[in-house]
Amino acid sequence: MQNFVWTREKPLEIAILISGRGSNMEAILQKIQSGALERVKCALVLADRADAKGLEIARSSGIPAEFLDPGPKKTFLTPEAEKNWVERIRRSGAQLICLAGFMRVLKTDFMDAFAGRILNIHPSLLPKFPGLHVQKRALEAGEAEAGCTVHWVDRGVDSGPILGQRKVPIRPDDTEETLSARILKEEHILYSEVLSGISIGEIPIPAIR
Ligand code: GAR
């Protein structure tokens, strides 16, 4: 929680972490540009893959967007990598971190630095279907509805306090692709709704005491 000051007189500065396409990131940047998120500013986009498409999208909006080495493990940042990521985010001045399709679990160094001010978006109605391939799992389970969740990140996987959800129906002819696309549209609305609530002080940030 070091270096964390946000007075609400200033815009809330965010760092967005991505792994690929970056459509949630793009939706947030568009809302900022259009003035719909007037109390939010994006200070930095970081990706754990050099070929993440979202990096180009962010750069074309004039946002500093960088690949940072995640280390040799596939599912998490190594401790040495986490230290670099923490240092880079601190240097950006971001007060809030938004995971947007960031496909690694955050561990000790990262959580010690930023606990209580990391958001995640997940394509299921948590606590149902944490983890991976969740749209396929919702179809296989015969669910009548699916959706997306924005939540605070804690030290578990997709387990932190829920801030908002949007639901979609599951149709009889749905495939993993059609359902994912229907959920994604709602993700693009939900993330900005929650960010707006935080930026105007309606949703408290746990790291601010
Ligand atoms: C989104 O559906 C997001 O919810 C999901 O990855 C996709 C990223 O799309 N995230 C997770 O599954 C994290 N557990 P995007 O790169 O176009 O935003």
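None of these values were measured; they are calculated from a predicted model. Note that ligands are numbered from 1 as they come in the structure, with each ligand's atoms numbered from 1 the same way. These numbers come from the heavy atoms of this one structure, side chains and all, not from hydrogens, waters or symmetry mates.
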Going by the closest heavy atom to atom 5 (C) of ligand 1, which one wins out of S23, S19, P123? P123
What residue and heavy atom of the protein are closest to atom 16 (O) of ligand 1, and at what distance? G22 N, 2.8 Å
Does K73 offer a backbone N or O that forms a donor-acceptor pair with the side chain of R104 under 3.5 Å? yes
Side chains of D174 and T178 only: does a donor on one sit below 3.5 Å from an acceptor on the other? yes
Among all protein non-hydrogen atoms, which one is nearest to atom 6 (O) of ligand 1, and what is the separation to 0.1 Å? G101 CA, 3.8 Å
Are any side-chain N or O atoms of T149 and backbone N or O atoms of H122, one a donor and one an acceptor, separated by less than 3.5 Å? no
For I183, which fellow cluster members are found when Ile, Leu, Val, Met, Phe, Trp and Tyr are connected by side-chain heavy-atom distances below 4.5 angstrom, either directly or through intermediates? L139, V168, I170, L179
Is the shortest distance from a Lys or Arg side-chain nitrogen in E176 or K136 to a carboxylate oxygen in the other one below 4.0 Å? no
Does ligand 1 have any atom sitting under 4.0 Å from a heavy atom of E26? no
What's the shortest distance from atom 4 (O) of ligand 1 to any protein heavy atom, and which residue and atom give it? E187 OE1, 2.7 Å
Just heavy atoms, cut-off under 4.0 Å: does M25 contact ligand 1 by side chain, backbone, both, or neither? neither
When you measure from atom 9 (O) of ligand 1 to every protein heavy atom, which one gives the shortest distance, and what is it? R21 NH2, 3.0 Å
R88 side chain to L68 main-chain N or O, any donor-acceptor pair under 3.5 Å? no
Protein heavy atom at shortest distance from atom 14 (N) of ligand 1: H122 ND1, 3.3 Å
With distance as the sole test, does R166 use its side chain to make a donor-acceptor pair with the main-chain N or O of E187 at under 3.5 Å? no
Is I121 close enough to touch ligand 1? Criterion: a residue heavy atom under 4.0 Å from a ligand atom. yes
